[in-house]
Amino acid sequence: MSAEPRTTIDQAEVDRFSAMAAEWWDPTGKFKPLHKINPVRLAYIRDKVSTHFGRDPKGHRPLEGLRILDIGCGGGLLSEPVARMGGEVLGADASEKNIKIAMTHSAQSGVPVDYRAVTAEALAEAGETFDVILNMEVVEHVADVDFFLSTCASMVRPGGLMLVSTINRTMKAAALAIVGAEYVLRWLPRGTHQYEKLVRPEEIEGPLARSGMQVLEMKGVFFNPLQNQWNLSSDIDVNYMALACRPGQPS
Ligand SMILES: C[S@@+](CC[C@H](N)C(=O)[O-])C[C@H]1O[C@@H](n2cnc3c(N)ncnc32)[C@H](O)[C@@H]1O
Ligand SMILES: [Mg+2]
């Protein structure tokens with residue numbers, strides 16, 4: 001008897017996102033926190049990716065010609081603005097419903113993105129490779145973090161980058177990102193994040209290093225209630241992003 005193939009899909013998680021799919025592009029809906037955090041993470045992506053590839057971050061289309069995978073793209077909140085910066089974006093999500101919403105939105109806005117309802121393991125199996133992989137707010141929702149990250153890393157070309165954002169598994173994150181955001185402020189539906197599924201920095205660094213990648217920096221992202229906005233921070237106890245590269249020359 002053969003063993004079940006290894007999968008990154010946690011079906012209950014994918015179903016939860018599918019059930020909310022109609023709200024992806026509503027800035028006041030269930031994905032409001034992602035809309036609010038978008039400016040700071042898009043600026044970070046633009047800066048880091050364009051600088052790494054020798055482009056001018058202030059240029060018109062600084063990501064022109066780079067092949068970019070947005071894994072777990074949801075409704076495309078990142079895929080579209082990254083495509084506007086010139087990236088050739090493949091938006092992949094395990095939920096067909098999310099992909100349908102993303103396709104409809106991109107058809108309406110006229111921003112081309114190659115959306116596909118596939119997993120990272122299916123893309124890797126098909127031999128796909130990328131200059132940049134955006135892995136934003138997904139690791140805390142998958143079935144097998146190690147397999148998910150190493151599969152994504154295997155698709156990063158020499159000289160390429162991967163960005164991973166998630167929530168740290170700390171008491172501070174439980175207080176702010178779960179109790180605060182889901183129960184007190186009600187920014188997110190209850191049950192969006194489970195404490196055990198949150199991901200520590202070393203749990204990202206480990207599989208990436210074993211896949212031959214080098215973590216260049218970890219950056220915190222913190223909500224400032226006085227400014228009512230998210231900013232970069234040196235505190236990685238709650239929300240944070242990891243930037244990693246595969247050594248080598250970009251082709
Ligand atoms: C919190 S959303 C993040 C959406 C987007 N990356 C963003 O930051 O705006 C997580 C997404 O990951 C998707 N997802 C969960 N498990 C996945 C898997 N194993 N492979 C691909 N996508 C997955 C969900 O369907 C959902 O759309
Ligand atoms: Mg999340």
Side-chain angles (χ1 to χ4, degrees), residues 5-27 29-42 44-45 68-83 89-103 105 113 115-125 128 132-152 155 162-169 173-174 176-178 181-182 187-199 221 230 238-241:
R6 217 169 160 185
T7 179
T8 63
I9 292 188
D10 177 333
Q11 198 56 52
E13 291 279 341
V14 175
D15 291 347
R16 195 195 336 258
F17 285 105
S18 297
M20 306 192 285
E23 297 198 33
W24 273 108
W25 286 91
D26 176 358
K30 294 197 169 75
F31 296 105
K32 183 177 170 183
L34 290 176
H35 285 267
K36 296 267 308 179
I37 214 167
N38 235 5
V40 69
R41 62 186 188 164
L42 280 165
Y44 184 80
I45 292 167
I68 301 178
L69 170 63
D70 181 11
I71 187 70
C73 64
L77 301 187
L78 273 171
S79 302
E80 274 197 34
V82 169
V89 182
L90 194 169
D93 200 281
S95 157
E96 300 257 0
K97 279 202 169 157
N98 290 344
I99 289 298
K100 281 205 180 112
I101 295 287
M103 281 176 165
H105 198 276
V113 175
Y115 283 118
R116 302 188 205 167
V118 283
T119 57
E121 51 271 34
L123 290 169
E125 182 74 21
E128 300 274 4
V132 180
I133 299 190
L134 302 175
N135 197 324
M136 310 297 274
E137 312 299 326
V138 186
V139 276
E140 74 275 22
H141 301 289
V142 304
D144 185 334
V145 173
D146 228 82
F147 179 50
F148 178 66
L149 286 171
S150 57
T151 302
C152 288
M155 293 187 279
M162 178 148 78
L163 284 92
V164 185
S165 75
T166 189
I167 305 173
N168 204 339
R169 195 170 66 258
L176 294 178
I178 299 184
E182 296 181 14
W187 282 349
L188 286 167
R190 289 181 190 185
T192 300
H193 291 115
Q194 281 123 59
Y195 181 73
E196 320 75 63
K197 287 186 80 79
L198 302 182
V199 185
V221 192
W230 292 81
V238 187
N239 293 80
Y240 69 100
M241 303 188 281

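For ligands, and for the atoms within them, numbers begin at 1 and follow the listed sequence.
- Short contacts between ligand 1 and N98, defined as distances under 4.0 Å to a heavy atom of the residue, involve ligand atoms 25 (O), 26 (C), 27 (O).
- The W24 neighbourhood of ligand 1 comprises atoms 2 (S), 4 (C), 27 (O), with distances under 4.0 Å to a heavy atom of that residue.
- When only non-hydrogen protein atoms are considered, atom 15 (C) of ligand 1 lies nearest to V14 CG2, 4.1 Å.
- For atom 20 (N) of ligand 1, the nearest non-hydrogen atom of the protein is A94 CB, 3.8 Å.
- In this structure, the protein non-hydrogen atom closest to atom 8 (O) of ligand 1 is R41 NH1, 2.8 Å.
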Criterion side-chain contact (heavy atoms from CB on, under 4.5 Å) on L78 and R41, from CA distance to verdict:
CA-CA 9 Å; L78 273 171; R41 62 186 188 164; 3.6 Å; yes
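- Relative orientation of the W25 and H105 rings is parallel, given thresholds of 30° and 60° on the angle between their planes.
- Other residues, nucleotides and ligands place more than 12 heavy atoms under 6.0 Å from the CD atom of Q194.
- Looking only at heavy atoms of the protein, atom 2 (S) of ligand 1 is closest to F17 CE2, 3.7 Å.
- For ligand 1 and G74, the ligand atoms under 4.0 Å from any heavy atom of the residue are 27 (O).
- Between E137 and ligand 1, no pair of N/O atoms sits closer than 3.5 Å.
- A heavy-atom distance below 4.5 Å is found between the side chains of L198 and I178.
- Atom 19 (N) of ligand 1 has its closest protein heavy atom at T8 OG1, 2.8 Å.
- Residue-ligand proximity: F147 is placed with every non-hydrogen atom at 4.0 Å or more from ligand 1.
- There is a side-chain donor-acceptor pair under 3.5 Å between T166 and E140.
- The nearest N, O or S atom of E140 is closer to the Mg ion (ligand 2) than 2.8 Å.
- Around NZ of K100, the count of heavy atoms belonging to other residues, nucleotides or ligands within 6.0 Å does not exceed 12.
- Aromatic ring pairs are classed by plane angle as parallel below 30°, tilted from 30° to 60° and perpendicular above 60°; the pair H141 and F17 is perpendicular.
- No side-chain heavy atom of M162 sits under 4.5 Å from any side-chain heavy atom of M155.
- For L77, no nitrogen or oxygen atom sits less than 3.5 Å from a nitrogen or oxygen atom of ligand 1, counting backbone and side chain alike.
- Between P189 and T192 there is a side-chain heavy-atom pair separated by less than 4.5 Å.
- Among all protein heavy atoms, the one lying closest to atom 14 (N) of ligand 1 is V138 CG1, 4.1 Å.
- Remark: ligand 1 and D93 share an N or O pair separated by less than 3.5 Å (distance only, no angle test).
- Taking the side chain as every heavy atom from C-beta outward, V164 and V138 never approach each other to under 4.5 Å.
- At least one N/O-N/O distance between G72 and ligand 1 falls below 3.5 Å.
- Not a single N or O atom of T119, backbone or side chain, sits closer than 3.5 Å to an N or O atom of ligand 1.
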